[in-house]
Number of protein chains: 4
Amino acid sequence: MINIISIDLKNPKPIFEQVKDGFKNLIICGVLSSEEKIPSVREMAQELAINPNTIQKAYRELEAEGYVYQVVGKGTFVAPVVPLENQARIDELILEIEDLARELIYLGVAKPDIISILDKL
Amino acid sequence: MINIISIDLKNPKPIFEQVKDGFKNLIICGVLSSEEKIPSVREMAQELAINPNTIQKAYRELEAEGYVYQVVGKGTFVAPVVPLENQARIDELILEIEDLARELIYLGVAKPDIISILDKL
Amino acid sequence: MINIISIDLKNPKPIFEQVKDGFKNLIICGVLSSEEKIPSVREMAQELAINPNTIQKAYRELEAEGYVYQVVGKGTFVAPVVPLENQARIDELILEIEDLARELIYLGVAKPDIISILDKL
Amino acid sequence: MINIISIDLKNPKPIFEQVKDGFKNLIICGVLSSEEKIPSVREMAQELAINPNTIQKAYRELEAEGYVYQVVGKGTFVAPVVPLENQARIDELILEIEDLARELIYLGVAKPDIISILDKL
DNA sequence: GTGGTCTAGACCACG
DNA sequence: GTGGTCTAGACCACA
């Protein structure tokens, strides 16, 4: 369970964001499943040798985005998914994915190649 | 030609990045075509009521990323595209697009729906 | 560690470039080694009696060229070398070195003399 | 005789410097030989579609560096070489060539490879 | 008039 | 305390 998140201090991306995205990926890929407990702030902080405030911030944002929920005195748990609930987030993602795809096309990548990449997921 | 870029000062995204992304989109979508002159640093600065240094930073980054080139004494111009030149950027974009697509799927969007969005571009 | 870079305000070369080249030389000659911390932007600015923005520009370019990496809140560090990674830069350097050598030969310096200079490095 | 110099307006190098370096190369490579007349400022300006002042500046610098000499009313001519005369310039070139070679070595190019490049000149 | 450099000084995010 | 962004305003090289 531990060592599942990796942090790169050289990465310009803020550490709290690396932690957040790390958990998001684990949840999205199914490594962490609904209602599963994730490590406490202290455990993660010690494990990654990082300031607990930084982990705290990552957990807070994960909760705000609906990926986990915190129970005082119990810990933090993966939230169940409610398909198509967060339409605002879906719209945002679609806009982003369109932008990226357009840039790829501009850079010379053929549209079928892009689609085949997504098809393999 | 003017008023083509809009800036939102409340947006947490840095101003120079909003300017940069604005021009990138215009170039990618073909609104600005190769060798076309874009407004001078001072013109944009006045138009957007923003410090010239901020515009200059945006233009420099656009140049570094190959979207425009600057000629001292002449102005800034849209650079011609060299297909598949920037493989590093392409790889990066593909990783991002995969992440976004995975998140969309997790949120309940069906894969064919995602693909049809890209197909319409 | 301090006083390792010297700036000549009369030199037509921009200050930020003098700073950049100074650090590049220190890194290339091994005075600064991989992962070593270099002075903060503010320290260098005070030490050289130069505006922090100018130092920051030098550091940013050093980062863009792969000589250092910056970690917000931590400082700036010498980047590890990845041999033969930057082929574009290598090609550029070879062209320049060829031009210089040709000029030396034109000025009457014998080719073996030039080679012996390089051999001593 | 004409069309021997090519100018790239996109090149960040100033145009007058491109003209200067262009002639320098032609002289060094022997395409232009001692006492040969080079085109007048006006001819070059028209040929390259460039401001005559810019050509003027290039010619002035070429003269200052000893590559050509100007005769009022006659034109501009390639100067004869006096081997090993300009020791200051030679020393400068050697310093530059050492710097470039050190950077190449740092980037992972083997010293024999650099020497073989020079040997082929 | 164009972009390039530099200064002085402010505020912010991150850890 | 670190780097990142932004402003206001100055001077310079190039064409």
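Just so we're clear, the structure is a prediction, and the values are computed from it rather than from any experiment.
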Query raised in the report: Whole-Å distance between dC12(E) P and N11(B) CG?
Result: 17 Å
Requested in this report: In whole angstrom, give the distance that lies between atom CD of E61(B) and atom P of dT5(F).
Outcome: 8 Å
**Report entry** Atom-to-atom span, CD1 of I38(B) to P of dT2(E) - whole angstrom
**Finding:** 12 Å
Query raised in the report: When rounded to the nearest 0.5 angstrom, what distance separates CE in M44(B) from CD1 in I55(B)?
Result: 5.0 Å
Report summary line: Read 5' to 3' with Watson-Crick or G-U pairs under 3.5 Å, [ ] for crossing pairs and | for partners on another strand, DNA chain E gives ||||||||||||||.
Requested in this report: Ignoring backbone atoms, test whether S40(B) places a side-chain nitrogen or oxygen under 4.0 Å from the OP1 or OP2 oxygen of dT2(E).
Outcome: yes
Query - Test item: V71(A) and T76(A) side chains (from C-beta on) under 4.5 Å apart, heavy atoms - result: no
Query raised in the report: Separation of Q56(B) atom CD from dT2(E) atom P, in whole Å?
Result: 13 Å
Query raised in the report: When every nucleotide of nucleotides 7-15 of chain F is labelled 5' to 3' by its protein contacts under 4.0 Å (heavy atoms), B for base, S for sugar-phosphate only, - for none, what sequence of letters results?
Result: BBB----BS
Query raised in the report: Under a 4.5 Å cut-off applied to non-hydrogen side-chain atoms, are L26(C) and I38(C) in contact?
Result: no
Query raised in the report: Is the distance between the ring centroids of F23(B) and Y59(B) under 6.0 Å?
Result: yes
**Report entry** P39(D) side chain near E47(D) side chain, heavy-atom distance below 4.5 Å
**Finding:** no
Report task. Start with the C-alpha gap between L104(B) and L100(B), add the side-chain angles, then the distance that decides, and say whether side chain to side chain contact (heavy atoms under 4.5 Å, CB included) holds. Result -> CA-CA 6 Å; L104(B) 274 175; L100(B) 293 179; 5.7 Å; no
Query raised in the report: Who are the side chain to side chain donor-acceptor pair (under 3.5 Å) partners of N53(D), not counting sequence neighbours?
Result: N51(D)
Requested in this report: Give the rounded distance in Å between these two atoms: CE of M44(B) and C1' of dC6(F).
Outcome: 16 Å
Query raised in the report: Should we count CZ of R42(A) as having more than 12 external heavy atoms under 6.0 Å?
Result: no
Query raised in the report: Between atom CD in Q46(B) and atom C1' in dT2(E), what is the gap in whole Å?
Result: 15 Å
Query raised in the report: Between R60(D), K24(D), R89(D), which is the residue that forms a salt bridge (charged side-chain N to carboxylate O under 4.0 Å, His left out) with E65(D)?
Result: K24(D)
Query raised in the report: Please give, in whole Å, the distance from dG4(E) C1' to Y69(B) OH?
Result: 19 Å
Query raised in the report: Does T76(C) have a side-chain nitrogen or oxygen under 4.0 Å from the phosphate oxygens OP1 or OP2 of dG3(F)?
Result: yes
Query raised in the report: Rounding to a whole Å, what distance do you find between Q70(B):CD and dG1(E):P?
Result: 19 Å
